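Single-structure report; data block below.
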Amino acid sequence: MSTSARQRRYDAFLDLRRRVLPAAAAASLDDGKAKPAGPGTRRRTDLRLVLPALAAWGAAVAGLWLPPLALGFACCLLLAASAALLAGHRYGRRTVRPVGRGGRSFPATAAVALALAATVAAHAAVAAGQRTDGPLADAVAAGKSVVALVEVAATPKALNLAGHSSGPQRWAVPVWTVEISTGGVIVRTRAQLLVMGGGAWGAAVPGQQLRAAGKLRAPGPGSLETGILAASAAPATMSDGAGLNAAAADLRARFVAACRFLGPDASGLLPGLVTGDTSALDEDLVVAMKSVGMTHLTAVSGANCSLVLGGLLVAARRFRLPRVPAAGVALGGLGLFVVLVGPEASVLRAAVMGGVAVAALACGRSGRGLSFLCLAVIGLLLVDPGLGGSFGFLLSVLATLGIIVLGRRLIEWTPAAVPRWMAAAVAVPLSAQLLCGPVTVLLQPGFSTYSLLANVLAAPLVAPVTLLGTAAVPMLAVAEWWAVPLIAGAGLFSAGVAAIARLAAALPAATVPWAEGIPGVLSMALLSALTFGAVWASVRPRRTARMVLACHRHTERLLAQLETWGRTGPARFPGRRRLAGRPGHGRVGNSTKLSGRNPRWPLRKNGHPAHRQPTWPRGGT
């Protein structure tokens, strides 16, 4: 092996070690001393928490499909494997000197990942036991009619648009059971149900206790709920709820009422952009936003939490607060914002990740976006393993991962002549769309042609809408007149967002049909990869031209080698039979046995007539 080849392999080995080991250990691979990074040194992506996050997510997904006994057995196996890896790691550290101070090896990381997966599997096994065993599970399997006292767990979701020709409005309401009466027996248990009811169920508020009557039926495979309750009547309110949930519901309703003086589009879209309340949103605007891929704006998620968190941090620092008190104020405000909009899966993910980022900033360790995302995923799955099967949670994680991994590179690739804010305005929605596209096709088989353009144009308007609207909501409880100018300013920007959505939806071929299922996912993933490659080629034309010319030279060289082998190939193998002397065999050449109907390839290139065998007409002798 040549010296250059050994050096390349050693450099590749060092690059892998730097990604897995901490910075201090990676810098001391050669001489055992940490080398200070220069001003232009780029921080490498820390991949140590990726394996634990994937292991926890895999255990959460398995908990939705496996029975409790299988989950318990898997939990024991994971714990045993983790203990074996830790024991082997300790024995290896006594016999082999570790590289760098405080270095962590792959067995230790794998042991932590298996331990986290075992913890998530144990939690999932308890939840699976509630879904499959007990009196409630038996009532669901038998399809009994029940009268249930339930507590609303989340905001109701509309199953079809209001006023649609397909029928009356239907709502899906996630609830927690308090007590269930069936066949003269009262069962007191806390399990998750999904109530499917009519228009009156749309007014349910998280934290409210309702009495419902209906028939139970089994949920689909892999569902989080123990059963589905098809409500046969409107709910009876037993308790309006108390504390922050009731106050948040009242503020949301007052905010919707306070926005009615705005235009038709702004009055319905502004509550959706700020609090996620789409009850007053126009049907045509909903269709337009769906056709251009802008429905994520009305689902309060990571972007809203990041804006609120950043605004609170800037305000706290403007008042000269130290780092730790400013972080506490920002976290407290973020918690109130989560209560205001409701603890949905995407909001919880964004809030947890924002809290981890603020805590790391207060400790002086910032810039580790992938580590923050992995910590958020692990923490949420430990609290609620059911999030592992949620498409909303998956899309939220993929969008954040795209912004962290791809968005930063897209911004760095942008030429220096382009302003950084303009590069970020294009890179952020593009990077999120590249990773979320294959999953979105599963939910809605279609391609939004102008999605990137519409989101780029709407991005400068979303930030003032979120900040002004969020500031106006608490003002409604203190001084309603002070909130009017804020609502008017936010309504002006929200009207611009609605105009962009309607204009993009009116363009030709706004939505292109796409393949469903696995073919659609694979084709969309291929389109995302090609788009990323096209962006890379467009921002680096010289390197792209050099790569194309190099590929052309390699292709010419390969063709020349194949041609040489075709001429001299049979002579290089003396052990085989020589086929060059036999007519019609061996290397590619002109055949002398041609038929008038099926000539061999390649055709003759000389002017001598070919010998033709006589052919007799059909039926002749």
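Note that this is a predicted model, so its numbers are computed, not measured.
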Derivation and outcome, side-chain contact (heavy atoms from CB on, under 4.5 Å), residues L216 and I228: CA-CA 6 Å; L216 293 173; I228 297 176; over 6 Å; no

Pair V175-Q192, side-chain contact (heavy atoms from CB on, under 4.5 Å): steps then yes or no: CA-CA 6 Å; V175 299; Q192 192 171 359; over 6 Å; no

Applying side-chain contact (heavy atoms from CB on, under 4.5 Å), run through C374 and V50 and close with a yes or a no. CA-CA 6 Å; C374 293; V50 174; 4.1 Å; yes

Using the side-chain contact (heavy atoms from CB on, under 4.5 Å) rule, take L373 and L401 through it: C-alpha gap first, then chi angles, then the decisive distance, then the call. CA-CA 8 Å; L373 177 62; L401 180 63; 3.9 Å; yes

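Scanning for side chain to side chain contact (heavy atoms under 4.5 Å, CB included) contacts around A56 gives V120, L381, with sequence neighbours left out. For A316, the side chain to side chain contact (heavy atoms under 4.5 Å, CB included) partners are L321, A326, not counting sequence neighbours. For S451, the side-chain hydrogen bond (donor to acceptor under 3.5 Å, both in side chains) partners two or more places apart in sequence, or in a different chain, are N455. For D384, there are no side-chain hydrogen bond (donor to acceptor under 3.5 Å, both in side chains) partners at least two apart in sequence or on another chain. Annotation: side chain to side chain contact (heavy atoms under 4.5 Å, CB included) contacts of I500 (sequence neighbours excluded): A454, L457, A458, L461. The side chain to side chain contact (heavy atoms under 4.5 Å, CB included) test applied to S232 returns A213, not counting sequence neighbours.
Side-chain atoms of L382 and H123, non-hydrogen and from C-beta on, never get closer than 4.5 Å to each other. Contact annotation: the side chain of V112 never approaches that of L51 to less than 4.5 Å [non-hydrogen atoms, C-beta and beyond]. L193 places none of its side-chain heavy atoms less than 4.5 Å from the side chain of E225. Residues W201 and V195 are in side-chain contact: their nearest non-hydrogen atoms beyond the backbone lie under 4.5 Å apart. At a threshold of 4.5 Å between non-hydrogen side-chain atoms, the residues L210 and V152 count as touching. A 4.5 Å side-chain heavy-atom check between K157 and W171 finds every atom pair outside the cut-off. In this structure the side chain of V150 never reaches within 4.5 angstrom of the side chain of R211, judged on heavy atoms. Looking only at side-chain heavy atoms (C-beta outward), L229 and R217 stay at 4.5 Å or farther from each other.
Between T182 and S145, the shortest heavy-atom contact is OG1-O, 3.6 Å. Contact record, P271 with A266: CD-O, 4.3 Å, taken as the closest heavy-atom pair. Between P235 and A200 the shortest heavy-atom distance is CD-CB, 3.9 Å. Taking all atoms of both residues into account, the shortest heavy-atom contact from V441 to A515 is CG1-O, 3.5 Å. The heavy-atom pair separating C436 from T440 by the smallest distance is O-OG1, 2.7 Å. When every heavy atom of P156 is checked against every heavy atom of V173, the shortest pair comes out as CB-CG2, 3.8 Å.
The list of salt bridge (charged side-chain N to carboxylate O under 4.0 Å, His left out) pairs with a residue in residues 183-199, not counting sequence neighbours, reads E151-R190, E179-R188. A ring-ring contact (aromatic ring centres under 6.0 Å, His included) check over residues 54-74, counting only residues at least two apart or in different chains, returns the pairs W57-F393. Annotation: salt bridge (charged side-chain N to carboxylate O under 4.0 Å, His left out) contacts involving residues 135-146, sequence neighbours excluded, are absent.
Note: C259 SG to L270 CG = 4.0 Å, rounded to the nearest 0.5 Å. Atom CG of residue L380 and atom CG of residue L387 lie 6.0 Å apart, to the nearest 0.5 angstrom. Distance check: L66 CG to L71 CG gives 5.0 Å after rounding to the nearest 0.5 Å. Atom OG of S448 is separated from atom NZ of K290 by 11.0 Å, given to the nearest 0.5 angstrom. Note that the CG atom of L468 and the CG atom of L273 stand 12.0 Å from one another [nearest 0.5 Å]. Interatomic distance, CG of L340 versus CG of L334, reported as 11.5 Å (0.5 Å rounding).
Using a distance-only test at 3.5 Å, with no hydrogens or angles considered, a donor-acceptor pair links the side chain of T177 to the main chain of A191. With hydrogens and angles disregarded, no donor-acceptor distance shorter than 3.5 Å links the side chain of S267 to the backbone of R260.
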Which donor-acceptor pairs under 3.5 Å do the side chains of residues 517-524 make with protein atoms, sequence neighbours left out?
residue: S523; atom: OG; partner: W514; partner atom: NE1; Å: 2.9
residue: S523; atom: OG; partner: P519; partner atom: O; Å: 2.9
residue: S523; atom: OG; partner: G520; partner atom: O; Å: 2.9

Name every donor-acceptor pair, under 3.5 Å, that has one atom in a side chain of residues 469-496 and the other anywhere in the protein, sequence neighbours excluded.
residue: T470; atom: OG1; partner: T466; partner atom: O; Å: 2.5
residue: S494; atom: OG; partner: A490; partner atom: O; Å: 3.2
residue: S494; atom: OG; partner: G491; partner atom: O; Å: 2.8

